[in-house]
Chemist: 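Here it is, the structure, as structure tokens.
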Amino acid sequence: MTRADRARYRRILRFAARELAIQWWFELALPKIGLARLAARGRTRRLTRFARGFRSMALELRGLMIKVGQFMSSRLDVLPPELTSELAGLQDEVPPEPFDAIRAVAEGELGASLAAAFEHFDADPVAAASLGQAHRARLAPELAIDAGFADVIVKVQRPGIDQIVETDLAALRKVARWLSRVRLISDRVDAPALVDEFAGVCHDEIDYLHEAASSERFADAFAGDERVAVPGIAWERSTRRVLTLEDVSAIKISDTDGLRAAGIDPTEVAPVFAAVMFDQVFGDGLFHADPHPGNIFVTPRADGSWCLTFIDFGMMGEVPASLRRGLRRLVIAMGSRDGAGLVEAARDIGVLLPSADTNELERALSALFDRFGGKGFAELREVDPREYKEFADEFGDVVRTLPVQLPENFLLVIRAASLTSGVAMSLDPTFNVWDSVEPYAEKLVRDEGSGFVRDLAGEALENVRIAWRLPKRVDSVLEKAERGTLAVSSPQVERRLSKLEAALRRTISAVMFAGLAVAGAVLYAPVEALGVTLMVASVLPLAHALLARRQ
């Protein structure tokens, strides 16, 4: 680690130590000695001061600190507005690198001068991000023919970004170890594991070949879907630190004035965007984990239609099959306003530990659905803030005391969901997330139901097979009794055998009834005549099971 790296490391730790000490004093120490009101009085001012200090440090250091700030600014669902509003500017305020430094990185990677590698290369950046920046360029004619496009965007990493990332991650791991010693935090979240997951995402982001491969996987997942477009990759001009892709610049999704000027209603874009994000998570499980407005364009077509064009696939999430099943249950529970189902889904996902006592949580979620569940964003804004405070005071302690953890990739799912909700609401202030959840939940219920019907049909056929074999087995027992090979020592045993025979025959009739009735119900929709026949035939064994003489 160089002297500059050590200075950077110490700067981050000093800031973290100071802020943690302040928070410990006001949020933990003062309430314990009866001064909670005093601590609460200056909370807004402290949060604003922290956000401004972090923003100033991030803009000076750049690197991962900007990315951490961007992530915090997107968490409108859990972080106070004093933080998120102050840090929101980090999405657009990243200062660019001098062009000479970018030129050196690009030419070193491509093994040729920019003049030789491209027909034209614009020195002014289109955008600057925490790990790199983008420039417009044009491919040489022969490369353009092979690629299928000529106008491109060239992403070039910032000089020395690898070492900067490692230094920042080392500092973040140190802070995470500090947090793990605070019981209030360690009981709720595994901070070191959270940083490790963040580190994995960052390492993927600084490998542009990984991003290019993710882009192609994403394009394959939506191949033939007219709602979605993805830029092509110019592989001949792409390396680990330089990525050249088709220029697909269009209307930024958050530019509502630009959308209206193009004849596109922003309120029609919101549900399509939400549905596309749902499809990613619940489809093959590969999803864009950074869907902020700068990474999504609305592209008008000549026929008057439009599509969503996604760019920047450096931060991608992948949902394992087990997590996807849990998320399906979560959506179904949300769509049906089922508090208990939501808790069970959280257990399936792994967010709630098995030891968690969730009775109060179920009550809280049921109350949340009853009070706010059917309201859109505009309606929620009209709710008396005192009602929110009353609800938070009533159930906040319940949620805070629950033992929770974050499964692998779940952090990215939360980030994607938070950004999706924010973008949709910027397009349509009356956007109601339930309107997107409920149709999807209904589809998931149908999918789950079709699987249940298949299982039920299989079980019905098995019951028929059992019913078919049982008479032969009973006959075999009776035959042995008639031949004398079944030992019977007294008339009392014979009477018991007779009762057993009658009971078995009634059982056989009951099983046959169940098999015929279920099979008829399953087959009624696809083959109505056969289904009706089987259900009518089931009446005979039912009558025998109910009316046969009991000996």
Chemist: Under 3.5 Å, is there a donor-acceptor pair between the Thr167 and Gln163 side chains?
Modeler: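 Checked: Thr167/Gln163 side chains pair up, N/O donor to acceptor below 3.5 Å.
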Chemist: Any side-chain heavy atom of Asp196 within less than 4.5 Å of one from Arg173?
Modeler: yes
Chemist: Tell me if a side-chain donor or acceptor on Ser56 pairs with a main-chain N or O of Arg52 at a distance below 3.5 Å.
Modeler: no
Chemist: Hey, what do you get for CZ (Phe273) to CZ (Phe431), rounding to the nearest 0.5 Å?
Modeler: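 Rounded to the nearest 0.5 Å, the CZ-CZ separation comes out at 9.5 Å.
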Chemist: Within the side chain of Ser421, is there an N or O that forms a donor-acceptor pair under 3.5 Å with the backbone of Ala417?
Modeler: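 No, because the side chain of Ser421 does not come within donor-acceptor range (under 3.5 Å) of the backbone of Ala417.
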Chemist: Would you give me the side-chain donor-acceptor pairs under 3.5 Å for residues 139-154, sequence neighbours excluded?
Modeler:
{"unit_1": "Asp151", "atom_1": "OD1", "unit_2": "Arg138", "atom_2": "NH2", "d": "2.7"}

Chemist: Answer yes or no: is there a side-chain heavy-atom contact under 4.5 Å between Glu19 and Phe54?
Modeler: no
Chemist: Short question: side chain of Asp290, backbone of Asn295 - any donor-acceptor pair under 3.5 Å?
Modeler: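 No, because the side chain of Asp290 does not come within donor-acceptor range (under 3.5 Å) of the backbone of Asn295.
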Chemist: Decide yes or no for Asp279 and Arg227: does some side-chain heavy atom of the first lie under 4.5 Å from some side-chain heavy atom of the second?
Modeler: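 Yes - at least one pair of side-chain heavy atoms lies under 4.5 Å apart.
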Chemist: Do Arg241 and Asp162 come close enough that some side-chain heavy atom pair is under 4.5 Å?
Modeler: yes
Chemist: Is a side-chain donor or acceptor of Glu97 paired with a backbone partner of Gln133 at a separation under 3.5 angstrom?
Modeler: no
Chemist: Between Lys67 and Asp168, does any NZ, NE, NH1 or NH2 come within less than 4.0 Å of an OD or OE carboxylate oxygen?
Modeler: no
Chemist: Examine distances only and state if a side-chain atom of His292 and a backbone atom of Val423 form a donor-acceptor pair shorter than 3.5 Å.
Modeler: no
Chemist: Would you mind reporting whether Arg43 and Leu47 have side-chain heavy atoms less than 4.5 Å apart?
Modeler: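 Counting from C-beta outward, Leu47 and Arg43 do come under 4.5 Å.
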Chemist: Just wondering, do Glu211 and Leu245 contact through their side chains at under 4.5 Å, heavy atoms?
Modeler: no
Chemist: Could you tell me whether Asp303 and Arg301 have a side-chain N and a carboxylate O separated by less than 4.0 Å?
Modeler: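 No, Asp303 and Arg301 are not salt-bridged.
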Chemist: Taking Arg158 for its side chain and Ala129 for its backbone only, find out whether a donor-acceptor pair lies under 3.5 Å.
Modeler: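 Looks like yes, one N/O pair under 3.5 Å.
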Chemist: Answer yes or no: is there a donor N or O on one side and an acceptor on the other, between the side chain of Gln280 and the main chain of Phe287, under 3.5 Å?
Modeler: no
Chemist: Return yes if some donor-acceptor pair links the side-chain N/O of Thr239 with the main-chain N/O of Glu109 below 3.5 Å, else return no.
Modeler: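 Not confirmed, Thr239 side chain does not pair with Glu109 backbone.
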Chemist: Just so I know, are the side chains of Leu308 and Ile253 near enough to count as touching, which here means a heavy-atom distance under 4.5 Å?
Modeler: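 Yes; the side chains approach each other to less than 4.5 Å.
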Chemist: Determine yes or no for a side-chain-to-main-chain donor-acceptor pair under 3.5 angstrom, with Arg136 supplying the side chain and Val126 the backbone.
Modeler: no
Chemist: Between Phe15 and Phe50, is the ring centre distance below 6.0 Å?
Modeler: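 When the ring centroids of Phe15 and Phe50 are compared, they turn out to be within the sub-6.0 Å range.
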Chemist: Can you establish whether the number of heavy atoms outside Trp25 located under 6.0 Å from its atom CH2 is more than 12?
Modeler: no
Chemist: Can you sort out the partners of Asp5 under side-chain hydrogen bond (donor to acceptor under 3.5 Å, both in side chains), two or more places apart, ordered by chain and number?
Modeler: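 With neighbours one apart ignored, the set is Thr2.
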Chemist: Can you find a pair of side-chain heavy atoms, one from Tyr208 and one from Ile233, that are under 4.5 Å apart?
Modeler: no
Chemist: Quick one: list whatever passes ring-ring contact (aromatic ring centres under 6.0 Å, His included) with Phe218, sequence neighbours left out.
Modeler: Phe222, Phe310, Phe313
Chemist: Please determine whether a side-chain nitrogen of the Lys or Arg among Glu60 and Arg11 lies less than 4.0 Å from a carboxylate oxygen of the Asp or Glu.
Modeler: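 Between Arg11 and Glu60 there is a salt bridge, with a charged N closer than 4.0 Å to a carboxylate O.
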Chemist: Do any N or O atoms from the side chain of Glu107 and from the backbone of Leu114 form a donor-acceptor pair under 3.5 angstrom?
Modeler: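 Side chain of Glu107 to backbone of Leu114: a pair is present.
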